[in-house]
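Remarks on the structure that follows.
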Amino acid sequence: QVQLVESVGGSVEAGGSLRLSCAASGYTYSSYYMGWFRQAPGKEREGVAYIDTAYIGGGRTAYADYVQGRFTISQDNAKNTLYLQMTSLKPEDTAMYYCAAARSSPHTGGRKWYDPRSWYGYWGQGTQVTVSS
């Protein structure tokens, strides 16, 4: 049974940092595509970052413009764990954050990784991140 379990999020002041983790089990981690999404109240779920875990030479990554340069997605294949390091946090980063896993690429054949509908796979339960001004 595939499971994705995010770490507890947290509350920080603007400019602060947080690191989220997502522990994966029930499948061969290195053969999946992994991503982070977020959803603020009243808004649609949106892509944050994406990593192709099986990419030769290391995970190939992509970021949404609104987090580029502030967030870093990474992985530890030995621990089957995905991370999201968030720095220079802003109040607009407040949201529920979700990790996602897919066996097939979410960024091919017209699909875009930042569109949650492109992910035919699994989702974590979500973890709350709150940034105060």
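The residues of the chain are indexed from 1 along the displayed sequence.
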Practice item. Determine, stepwise, if the pair Met86 / Val129 fulfils side chain to side chain contact (heavy atoms under 4.5 Å, CB included). Key: CA-CA 10 Å; Met86 304 182 291; Val129 172; 3.9 Å; yes
**Study point:** Residue pair Ile51, Arg60: steps toward the side chain to side chain contact (heavy atoms under 4.5 Å, CB included) verdict
**Key:** CA-CA 5 Å; Ile51 188 167; Arg60 177 170 50 188; over 6 Å; no
**Study point:** From CA spacing to verdict: side chain to side chain contact (heavy atoms under 4.5 Å, CB included), Val48, Tyr114
**Key:** CA-CA 7 Å; Val48 174; Tyr114 45 80; over 6 Å; no
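Within the structure, the salt bridge (Lys or Arg N to Asp or Glu O under 4.0 Å) test picks out no pair touching residues 96-112 (sequence neighbours left out). Note on residues 116-133: pairs passing salt bridge (Lys or Arg N to Asp or Glu O under 4.0 Å), not counting sequence neighbours, are Asp115-Arg117. The disulfide bond (SG atoms under 2.5 Å apart) pairs that include a residue from residues 104-133 number zero, where partners must be two or more places apart or lie in different chains. Listed by first then second residue, pairs satisfying salt bridge (Lys or Arg N to Asp or Glu O under 4.0 Å) with a partner in residues 61-71 read Arg70-Asp93, not counting sequence neighbours.
Between the side chain of Thr94 and the main chain of Val131, a donor-acceptor pair closer than 3.5 Å is present. In terms of modelled atom types and a separation under 3.5 Å, the side chain of Trp113 and the main chain of Ala49 share no donor-acceptor contact.
In this structure Ala102 satisfies the side chain to side chain contact (heavy atoms under 4.5 Å, CB included) test together with Trp119, sequence neighbours excluded. Every residue two or more places apart in sequence or in another chain was checked for a salt bridge (charged side-chain N to carboxylate O under 4.0 Å, His left out) with Glu92, and none qualifies. For Tyr50, the side chain to side chain donor-acceptor pair (under 3.5 Å) test picks out no residue, with sequence neighbours left out. Partners of Tyr98 according to the ring-ring contact (aromatic ring centres under 6.0 Å, His included) rule, which considers only residues two or more places apart in sequence or in another chain, do not exist here.
Counting only heavy atoms from C-beta outward, the side chains of Tyr63 and Thr72 approach each other to under 4.5 Å. Using a 4.5 Å heavy-atom threshold, the side chains of Glu46 and Arg38 count as touching. Here the side chains of Leu89 and Phe71 are in contact, with some heavy-atom distance below 4.5 Å.
Contact detail for Ser88 and Ser17: the closest heavy-atom pair is N-OG, 4.4 Å. Across all their heavy atoms, Asp76 and Tyr83 have their closest contact at CB-CE1, 3.9 Å. The shortest heavy-atom contact between Ser133 and Pro91 is CB-CG, 3.8 Å.
In terms of hydrophobic clustering, with Ile, Leu, Val, Met, Phe, Trp and Tyr side chains grouped at heavy-atom distances under 4.5 Å, Leu20 and Tyr66 are assigned to a common cluster.
In this structure, CZ in Phe37 is found 8.5 Å from CZ in Arg45, a value given to the nearest 0.5 Å. Between the OG1 atom of Thr127 and the CG atom of Leu84 there is a distance of 11.0 Å, given to the nearest 0.5 Å. Rounded to the nearest 0.5 angstrom, Gln39 CD and Met96 CE are separated by 9.0 Å.
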N/O donor to acceptor pairs below 3.5 angstrom from side-chain atoms of residues 2-15, sequence neighbours left out:
unit_1, atom_1, unit_2, atom_2, d
Glu6, OE1, Gln125, N, 3.0
Glu6, OE1, Gln125, NE2, 3.4
Glu6, OE1, Gly126, N, 2.9
Glu6, OE2, Cys99, N, 2.8
Glu6, OE2, Gly126, N, 3.3
Ser7, OG, Ser21, N, 2.9
Ser7, OG, Ser21, OG, 3.4

